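A short write-up of the structure that comes next.
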Amino acid sequence: MNIFKFGGASVNSAEGVRNFVKIVQSYKDETIIVLSAMGKSTNALEEISHSFFSKNDNFNHKLHSLKEYHNNIVSDLFPNKEDVVYQKVEVIFNQLEAYLEKEPSLDYDFDYDQIVSFGELLSTTIVSEFLRLSGSPNKWVDIRTCLKTDNSYREGKVDWDLSQKLVSKTFSFNSTFVYVTQGFLGGTTTNLTTTLGREGSDYTAAILSYILDVDELSIWKDVPGIMNADPKWLDDAKKLDRISYQEAIELAFYGAKVIHPKTIQPIKQKKIPLQVRSFIDYNKNGTLISTASKKMENQLPVYIRKENQVLISIRPNNFSFILEENLSMLFSLFARHKVKVNLIQNSAISFSVCVDDLGSRLDTLLEEIAHDFEVKYNDALELITIRHHNQESVERMTKGKDILLEQRSRDTAQFVIA
Ligand code: ASP
Ligand code: MG
């Protein structure tokens, strides 16, 4: 049994959906397809839910273009206007519209999940019907009925025990070879919709892989695999043929955007091989993520860049040292304001942290810190991380640059650059 996860870019047009079907039909195993919303639909729905909640903006034109976008794909794929898909898509849009006619709740995150989830409901419905039309019978599953989470809207925490039972029962392969289901979504025990966090479909695929103990998970992307740098940034970026789970976790931690950070842990525990591969060159091998082996030695340096960084220097304003009590208080402030720390350096009298520029959220945090400490900061910086650094790779990243802070360990070098 295999799981295939396809992202929104793979099914962002009728042509994309046809290409997707070609890939799926070239496999004969039992398969579960986990799908994201088409193209940039999640962004559009995010804007709609924001307008809906704040009541100060009319979202009708956004809703209209979202409808038009899906309807164009459907009418390209299904020449027979009597096909059931037309009715199914209309029902889904009617449900969305009915929700948007109501008064917003008092909880933005709750409304967000109820609205944004329509992207995946639409994509899976269209794709499942088109697979059927193309001669591949399949079963559409509403993942919210079996992937159960708590009610932390926008970052649902998985109830593993309950999901284990329900998922195993749902994906029994009793009467079908192929299932199509939504990534990113979950459901509470009271059947309200939750989401697992932006870009969470990879994580869904990993959860199902873990629970069902699948043979392999493939994540199909618009890049050849995991590269040693973002090819839009460094044009000589090369594909990594094999990496270990541990390395993949590290890369995601330092900010490589190829896979969602939570994805690796579940599949690592069950040693399920993960292929990250291209839906464009779908016959080529991608990157295999698996247990560590000899073959993975002599790795290329991997370059990861995070932009929009802020370097904050914090000193006690009463001539004292930076002590453990201060540090623990500072860290709890960062945690409370949900500001993720990307790099830390401390000395006797000062403490520096590099964080993402989160705009007003960061301003509020800095104001709070300034009650007890002297705070200085630099913004518009870059944080460059090099895994498996050598002299050449360090020179490449830092030559002629203004380095504000640097940190090196055996495997990793990091530079905060103006
Ligand atoms: N459609 C969701 C998003 O764009 C989930 C995903 O793509 O993984 O965040
Ligand atoms: Mg998406």
Side-chain angles (χ1 to χ4, degrees), residues 3-13 16-17 20 32-50 62-63 65-67 69-70 73 89 92-93 96 108-128 140-144 147 149 152-158 180-187 193-210 217-223 226 248 251-252 255-267 274-279 289 338 340 356:
I3 296 192
F4 285 173
K5 183 262 170 174
F6 284 87
S10 66
V11 289
N12 64 1
S13 63
V17 177
F20 155 89
I32 299 171
I33 294 157
V34 174
L35 202 65
S36 301
M38 291 176 152
K40 302 265 179 249
S41 306
T42 305
N43 292 355
L45 284 159
E46 208 167 60
E47 287 173 21
I48 292 172
S49 59
H50 191 78
K62 286 178 195 140
L63 182 62
S65 23
L66 188 73
K67 243 177 168 171
Y69 170 67
H70 285 89
I73 294 178
V89 168
I92 297 174
F93 271 113
L96 172 58
Y108 175 66
D109 293 346
F110 171 79
D111 279 337
Y112 176 103
D113 281 358
Q114 312 314 305
I115 295 169
V116 162
S117 51
F118 279 94
E120 272 72 12
L121 296 175
L122 286 163
S123 68
T124 50
T125 299
I126 297 170
V127 160
S128 159
W140 182 89
V141 169
D142 184 341
I143 199 71
R144 299 171 297 180
L147 203 166
T149 69
S152 319
Y153 297 102
R154 294 183 74 183
E155 48 182 333
K157 309 260 171 321
V158 177
V180 176
T181 196
Q182 307 80 34
F184 182 49
L185 313 188
T193 304
T194 57
T195 63
L196 305 176
R198 281 306 305 264
E199 309 302 329
S201 300
D202 290 357
Y203 183 42
T204 304
I207 296 166
L208 299 183
S209 301
Y210 175 90
L217 165 60
S218 297
I219 295 185
W220 298 84
K221 301 196 69 95
D222 57 358
V223 286
I226 297 185
L251 296 182
K257 288 196 197 73
V258 255
I259 25 178
H260 190 275
K262 284 185 183 165
T263 308
I264 306 295
Q265 288 293 7
I267 58 161
L274 164 60
Q275 299 270 3
V276 178
R277 49 193 307 189
S278 162
F279 61 75
I289 304 175
K338 294 193 177 148
K340 187 177 160 276
D356 297 339

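When a ligand or atom number is given, it counts from 1 through the structure's own listing order. Since the model is a prediction, treat every value here as computed from it, not as a measurement.
Every residue was checked against the salt bridge (Lys or Arg N to Asp or Glu O under 4.0 Å) condition with Asp113, not counting sequence neighbours, and none meets it. Scored by the salt bridge (Lys or Arg N to Asp or Glu O under 4.0 Å) test, Lys62 finds Asp57 as partners (sequence neighbours excluded).
Atoms of ligand 1 found under 4.0 Å from any heavy atom of Arg198 (numbered from 1 in listed order, with element): 3 (C), 4 (O), 9 (O). Ligand 1 places these atoms under 4.0 Å from at least one heavy atom of Phe184: 2 (C), 5 (C).
Heavy atoms from both the backbone and the side chain of Ser201 come within less than 4.0 Å of ligand 1.
In this structure, Gly8 does not count as a contact residue of ligand 1, since none of its heavy atoms falls inside 4.0 Å of the ligand. Distances from ligand 1 to the non-hydrogen atoms of Glu120 include at least one value under 4.0 Å.
A distance below 6.0 Å separates the ring centres of Phe20 and Phe6.
Exactly one residue among Ser10, Ser123, Ser201 makes a side-chain hydrogen bond (donor to acceptor under 3.5 Å, both in side chains) with Ser36. That residue is Ser201.
Counting all heavy atoms, side chain and backbone alike, Thr42 lies closest to Ala37 at OG1-CB, 3.5 Å.
A salt bridge links Arg198 to Glu46: one of the charged nitrogens lies within less than 4.0 Å of a carboxylate oxygen.
Looking at Lys5 next to ligand 1, no N or O pair under 3.5 Å apart turns up. For ligand 1, the polar-atom distance check against Asp202 finds no nitrogen or oxygen pair separated by under 3.5 Å.
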